[in-house]
Amino acid sequence: MKKINSTDEKKILLDMLLYFDELCQKHHLNYTLDSGTLLGAARHQGFIPWDDDIDVALPLPDYLKFITLKEFRECDNQYVLHEARYEKKNNENYHYPYAKLEDRTTYVKYEEKYDKGGVFIDVFPLTAYPNDTNECYSLVDEMEKLRWKIFVGLTKYNNPLKKVIALLISKEYRSYRNKMMTDAFAVPYDNAKYVGNIFWASKNNYKKIPKVYLDHYIKLPFEDREFNVISNYKSLLRILYGNWEVLPPKSQRMSHSMSIYKK
């Protein structure tokens with residue numbers, strides 16, 4: 001395998017995003033650039049200079065259609081979809097409650113977590129939030145606690161005691177992951193006022209947006225291409241990041257700790 005640099009990785013990620021966009025257009029699925037990728041499109045017209053991943057999100061009905069597309073049943077496809085329903089098909093232990101699209105021709109070695117696979121993009125469902133305030137708080141609180149358990153189980157620790165605790169927690173990852181998926185997908189979607197990426201919500205930031213934001217989409221430039229974003233993307237960025245137009249301090253401009261190889 002040959003180690004590749006950040007520029008080569010971003011080219012691979014962009015090719016994957018183009019593939020994802022083509023699939024969504026072909027099957028008439030709505031999506032939006034999300035999180036740091038949306039921020040990069042809005043502020044940099046491409047990747048955030050110190051960022052090294054891509055995030056996209058689909059309204060829950062479109063997400064559920066996306067993960068069942070026939071293209072992901074083809075074994076010779078360059079790209080493979082990782083999702084709980086594909087765990088046995090891919091012969092893997094898949095820890096996350098959302099999907100990842102991976103490039104089979106690459107390999108990523110992580111420094112700080114036990115994970116494996118190639119270069120990927122995160123594919124999030126925008127699920128409904130309970131209309132009741134107390135129910136919403138309880139669900140977000142549950143997601144935050146379960147997510148913590150999943151990532152503790154994936155984290156590499158030097159401390160022997162923490163290593164043992166993480167190992168014990170990691171053995172139950174399916175129960176945490178499945179609980180997150182079951183409870184998030186169970187919230188009635190049609191009558192919901194708010195939606196969002198609840199898998200990454202916290203008590204400090206619910207990450208919820210008015211559902212009507214998903215009714216309209218526009219295109220934003222990203223690395224000399226154009227991709228879908230919700231038309232109210234600036235409001236979403238304010239919800240996610242506050243004053244998103246201002247660059248963060250240099251101390252906060254961090255990328256993931258990993259090495260990337262081409263097979």
Side-chain angles (χ1 to χ4, degrees), residues 16 20 29-38 53-69 72 79-102 108 110 112-130 135-155 166 168-189 192 194-209 211 214 240 256:
M16 292 178 69
F20 170 83
L29 301 176
N30 289 319
Y31 79 89
T32 180
L33 301 183
D34 189 40
S35 302
T37 308
L38 176 61
D53 65 359
I54 282 182
D55 303 303
V56 294
L58 300 89
L60 180 59
D62 295 276
Y63 175 88
L64 294 175
K65 293 176 183 175
F66 177 80
I67 62 177
T68 61
L69 294 181
F72 300 129
Y79 303 115
V80 58
L81 186 72
H82 298 280
E83 203 265 346
R85 297 163 181 80
Y86 288 85
E87 193 172 32
K88 289 184 179 179
K89 174 183 177 294
N90 294 334
N91 190 28
E92 64 180 340
N93 297 322
Y94 186 70
H95 289 70
Y96 305 98
Y98 48 87
K100 292 176 180 282
L101 188 62
E102 177 199 347
V108 179
Y110 297 92
E112 299 176 351
K113 66 177 182 176
Y114 296 103
D115 211 342
K116 60 183 179 180
V119 173
F120 65 85
I121 63 176
D122 284 322
V123 183
F124 298 112
L126 297 173
T127 63
Y129 283 66
E135 290 180 8
C136 185
Y137 175 87
S138 296
L139 185 59
V140 168
D141 183 55
E142 176 188 60
M143 293 293 155
E144 189 172 22
K145 290 175 180 176
L146 291 169
R147 182 177 69 245
W148 178 84
K149 291 180 179 179
I150 287 175
F151 280 92
V152 164
L154 285 170
T155 301
L168 293 174
I169 289 176
S170 70
K171 292 181 182 296
E172 298 298 322
Y173 79 88
R174 284 191 184 90
S175 65
Y176 312 140
R177 178 199 68 193
N178 293 347
K179 178 68 172 171
M180 292 180 78
M181 295 173 65
T182 298
D183 290 355
F185 295 164
V187 181
Y189 187 86
Y194 292 92
V195 299
N197 180 5
I198 200 167
F199 293 139
W200 278 98
S202 69
K203 294 185 290 294
N204 294 325
N205 185 348
Y206 278 26
K207 296 183 181 290
K208 67 177 184 177
I209 61 174
K211 186 183 172 188
L214 304 185
L240 296 178
H256 297 87

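The first residue of the sequence shown is numbered 1, and numbering continues consecutively from there.
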field: Where P130 and L139 come nearest, the two heavy atoms and their spacing
entry: CD-CD2, 3.8 Å

field: Rounded distance [0.5 Å steps], CG in D55 versus OG1 in T37
entry: 4.5 Å

statement: One should read off an interatomic distance between T182 OG1 and R177 CZ, to the nearest 0.5 angstrom, of 9.5 Å

Those residues that, when tested against A57, pass side chain to side chain contact (heavy atoms under 4.5 Å, CB included) (two or more places apart): T32, D34, F124, L126

- request: Considering non-hydrogen atoms only, spot the tightest contact between P188 and A128 and give its length.
  value: O-CB, 3.5 Å

- request: Check whether any side-chain heavy atom of F120 sits under 4.5 Å from a side-chain heavy atom of D53, and report yes or no.
  value: no

message: Check the orientation of W200 and F151. Use parallel for under 30°, tilted for 30 to 60°, and perpendicular for over 60°.
response: tilted

message: So does Y137 get a backbone contact from the side chain of D141, meaning a donor-acceptor N/O pair under 3.5 Å?
response: no

- request: Take Y189 and V195, measure what side chain to side chain contact (heavy atoms under 4.5 Å, CB included) needs, and give me the verdict at the end.
  value: CA-CA 8 Å; Y189 187 86; V195 299; 4.0 Å; yes

query: So, D115 versus Y96: side-chain donor-acceptor pair below 3.5 Å or not?
result: yes

- request: Could I get the full list of side chain to side chain contact (heavy atoms under 4.5 Å, CB included) partners for D62, not counting sequence neighbours?
  value: L29, N30, L58, P59

- prompt: Is there a side-chain contact between L81 and I67 (heavy atoms, below 4.5 Å)?
  reply: yes

query: Roughly how far, to the nearest 0.5 Å, is the NZ atom of K65 from the CG atom of L60?
result: 11.0 Å

- prompt: Say you draw a straight line from CE of M16 to CG of L101; how long is it, rounded to the nearest 0.5 Å?
  reply: 4.0 Å

- prompt: Is it true that a side-chain atom of Y63 and a backbone atom of A99 form a donor plus acceptor pair closer than 3.5 Å?
  reply: yes

Close side-chain approach of K208 and I198, heavy atoms under 4.5 Å: no

message: Could you work out, with salt bridge (charged side-chain N to carboxylate O under 4.0 Å, His left out) as the rule, every residue matching K88, not counting sequence neighbours?
response: none

query: If you draw the axis of the six-membered ring of Y129, does the NZ or CZ of K211 fall within 45° of it and under 6.0 Å from the ring centre?
result: no

- prompt: Would K89 count as a cation-pi partner of Y86, with NZ or CZ less than 6.0 Å from the six-membered ring centre and within 45° of the ring normal?
  reply: no

- request: Determine yes or no for a side-chain-to-main-chain donor-acceptor pair under 3.5 angstrom, with N205 supplying the side chain and K207 the backbone.
  value: yes

- prompt: When you look at I54 and D122, which way does the side chain to side chain contact (heavy atoms under 4.5 Å, CB included) test go after all the steps?
  reply: CA-CA 6 Å; I54 282 182; D122 284 322; over 6 Å; no

- request: Working to the nearest 0.5 Å, report the span between NE2 of H95 and NZ of K113.
  value: 10.5 Å

- request: Could you check whether the rings of F185 and F199 sit parallel, tilted or perpendicular, using 30° and 60° as the cut-offs?
  value: perpendicular

message: On a heavy-atom basis, which atom in I150 and which in P97 lie closest, and how many Å separate them?
response: CD1-CD, 4.4 Å

message: I'd like to know whether Y79 forms a side chain to side chain contact (heavy atoms under 4.5 Å, CB included) with F20, so could you lay out the CA-CA distance, the side-chain angles of the two residues, the decisive distance to 0.1 Å, and finally the verdict.
response: CA-CA 10 Å; Y79 303 115; F20 170 83; over 6 Å; no

task: Locate the shortest heavy-atom distance separating I169 from Y176; write the atom from each residue and the value.
output: O-CE1, 3.3 Å

message: How close do E87 and Y94 get, counting heavy atoms only, and between which atoms?
response: OE2-N, 2.8 Å

Check: G118 main-chain N/O paired with E102 side-chain donor or acceptor under 3.5 Å: yes

message: Taking the ring of F72 and the ring of F66, is the distance between their centroids below 6.0 Å?
response: yes

query: Can Y206 and Y194 be said to form a ring-ring contact (aromatic ring centres under 6.0 Å, His included), step by step?
result: CA-CA 10 Å; Y206 278 26; Y194 292 92; 9.9 Å; no

field: N-O pairing of E142 and K179 below 4.0 Å
entry: yes

query: Hey, is E83 close enough to R85 for a salt bridge, meaning N to O under 4.0 Å?
result: yes

field: Distance (rounded to the nearest 0.5 Å) between T127 OG1 and M143 CE
entry: 7.0 Å

Non-hydrogen atoms of A201 and R147 that approach each other most closely: O-NH1, 2.9 Å

task: May I have the step-by-step check of side chain to side chain contact (heavy atoms under 4.5 Å, CB included) for I209 and L214, ending in yes or no?
output: CA-CA 9 Å; I209 61 174; L214 304 185; 4.3 Å; yes

field: Side-chain touch H82/N90, heavy atoms, less than 4.5 angstrom
entry: yes

